[in-house]
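So the structure is just underneath, and the comments pick up after that.
Reminder, nothing fancy here: chain letters follow the sequence lines and each chain counts from 1.
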Number of protein chains: 2
Amino acid sequence: MSLMNDHVVLAIVEDHPIVIEGLKTLLKEEPQITIAGSFTRGSDFMEFLRHHKVDLVLLDIMLPDTSGMDLCRDIKKLSPDTVVLALSNHTERSIILQILQYGASGYLVKNVSSTELLNCLKEALRGEITFSQEVKEIITRPAQHEFKQVPTLTKREKQILQLVSQGKTTPMMAQELNVSPLTIETHRRNLLQKFDVKNVAELMMAAVQHKMITGY
Amino acid sequence: MSLMNDHVVLAIVEDHPIVIEGLKTLLKEEPQITIAGSFTRGSDFMEFLRHHKVDLVLLDIMLPDTSGMDLCRDIKKLSPDTVVLALSNHTERSIILQILQYGASGYLVKNVSSTELLNCLKEALRGEITFSQEVKEIITRPAQHEFKQVPTLTKREKQILQLVSQGKTTPMMAQELNVSPLTIETHRRNLLQKFDVKNVAELMMAAVQHKMITGY
DNA sequence: TTTTTACTACTGGTTTACCAGTATTTTCCG
DNA sequence: CGGAAAATACTGGTAAACCAGTAGTAAAAA
């Protein structure tokens, strides 16, 4: 892990060109920081990371192609010493804490000031967990309904959940996924169990509450 | 209204310093454009506008202090010739159309490319209504659920819908409401019909989308 | 390497939901 | 009061969901 007086190689993974430019402009002032590149797609960055050393990644967790969460995990798996700072406008406590579990070293909302941004970068490079001011406030003020933990679903389960929310029946899903209806039933059963609900109606409501299905 | 070969005075009203920097950087390349200033609060900009001529405003409609909608209206009231381009990440059709009603000349999502941004600026300055690519698609492809009007439910049906969303089964509801299970079934059937869905999963999703059940 | 997790698949049930009608009673508005 | 809308109830059937197990295989984690 780089110390703050070392030279820092930084990458930006972010969907919005404007934000990329803004970050670059702000960080260009810092002589210790080299911007290795900016990426609008997670897969592109992963490819880059396979061939280059990156000390710190500013990662928008709301990317279109892959979930930023998954990407964060992939980054830490491939290059554990790379510090990941999550960048988003999401201000929900559960999401912030979740990204930390995926290996991020901090969470910044996009309205950080430049001084705040640089401070957080330095803290993160020192190995600390760091947040922008607004996020700190969110963290310290937990909401009641956020106590019940969000069940972790497998990829297949997420897929089934999505299909169920679209009104698909078990045989329809079986055909669509080329598996036995009995398999689908098993997934459904596990979903009900994981969410601790006893029918589809409750399942949908729980999934919506946990924002595991978009609704649109 | 300035033509594109005139000199254009531009202002940015935007909460996120990073985005401000990004916009400045992208627009700095254009010699015809002078950036009069950037403002993180609507009230600051209104004060500025009282004493300076501004041709075009890039306005984040998600500002913290005042609603961006209201600010847009105020700008057009004070200086009708100032072109307002809304800037946001909101991708809901209704919101986009609303801001146009408040006098904006276009709507850009923040993931516009720089060329797209400049194109939109030019179009707007020519007096046209302009959108970034993603927004165009949203406008021309209205979601299905925005067409079919919200079904009107009877008091009893709303009650049943609520109970269903709590995971109650038909016999449970029958007991709770002291009616025959067959009655409950009829209500359920009518709910499915009114929402034009074919099972509970879809019903829940539709009800959530129409905000007919809270979710919390 | 061992263990765990995820995905797959099955048996044999029970329960609940869904469909298409019809029909009676209650409620509420003009 | 009369009529419409809503709520109630029923028949009779089909489809889907839900339950409780068991279990093989492949891939990932310890």
Selection from C:dC7, C:dC10, D:dA17 that lies nearest to any side-chain heavy atom of A:T170: D:dA17
Rounded distance in Å - CG (A:L182) to C1' (C:dC7): 14 Å
Rounded distance (nearest 0.5 Å) linking atom CG of B:L121 with atom OG1 of B:T130: 8.5 Å
B:T169, nearest nucleotide to its side chain (from D:dC10, D:dA7, C:dA17): C:dA17
Integer-rounded Å distance: D:dT8 P and B:M173 CE: 12 Å
Shortest side-chain distance from B:E185, nucleotide among C:dC19, D:dA6, C:dA9: C:dC19
Interatomic distance where CG belongs to A:L192 and C1' belongs to C:dT16 [whole Å]: 13 Å
Separation of C:dT5 P from A:E157 CD (nearest whole Å): 13 Å
Nucleotide nearest A:R189 (side chain, heavy atoms from C-beta), chosen from D:dA9, D:dA20, C:dT11: D:dA20
Residue-phosphate contact under 4.0 Å: A:S180 side-chain N/O, C:dC10 OP1/OP2: yes
N/O (side chain, A:R188) to phosphate O (OP1/OP2, D:dA17) under 4.0 Å: yes
Atom-to-atom span, CG of A:L153 to P of C:dA6 - whole angstrom: 10 Å
Shortest non-hydrogen separation from A:K168 to A:R188 and the atoms involved: O-NH1, 4.4 Å
Ionic contact status for B:E14 with B:K110, cut-off 4.0 Å: yes
Upstream residue (5' side of DNA chain D) when A:N199 and A:T186 are each assigned their closest nucleotide: A:N199
Given C:dC7, C:dA9, D:dT8, the nucleotide with the shortest approach to the side chain of B:H187: D:dT8
Proximal nucleotide (of D:dA17, D:dA7, C:dC7) relative to the A:R156 side chain: C:dC7
Separation of D:dA17 C1' from B:K198 NZ (nearest whole Å): 13 Å
Rounded distance in Å - CD (A:Q193) to C1' (D:dA17): 16 Å
Phosphate contact (C:dT5 OP1 or OP2) by A:T154 side-chain N/O below 4.0 Å: no
CG-CD1 distance between A:L27 and A:I35, expressed to the nearest 0.5 angstrom: 5.0 Å
Side chain of B:T183 (C-beta onward), nearest among D:dT8, C:dT16, D:dA17: D:dT8
Whole-Å gap separating P (C:dC19) and CG (B:D196): 11 Å
Interatomic distance, A:K194 atom NZ to A:E157 atom CD [nearest 0.5 angstrom]: 3.5 Å
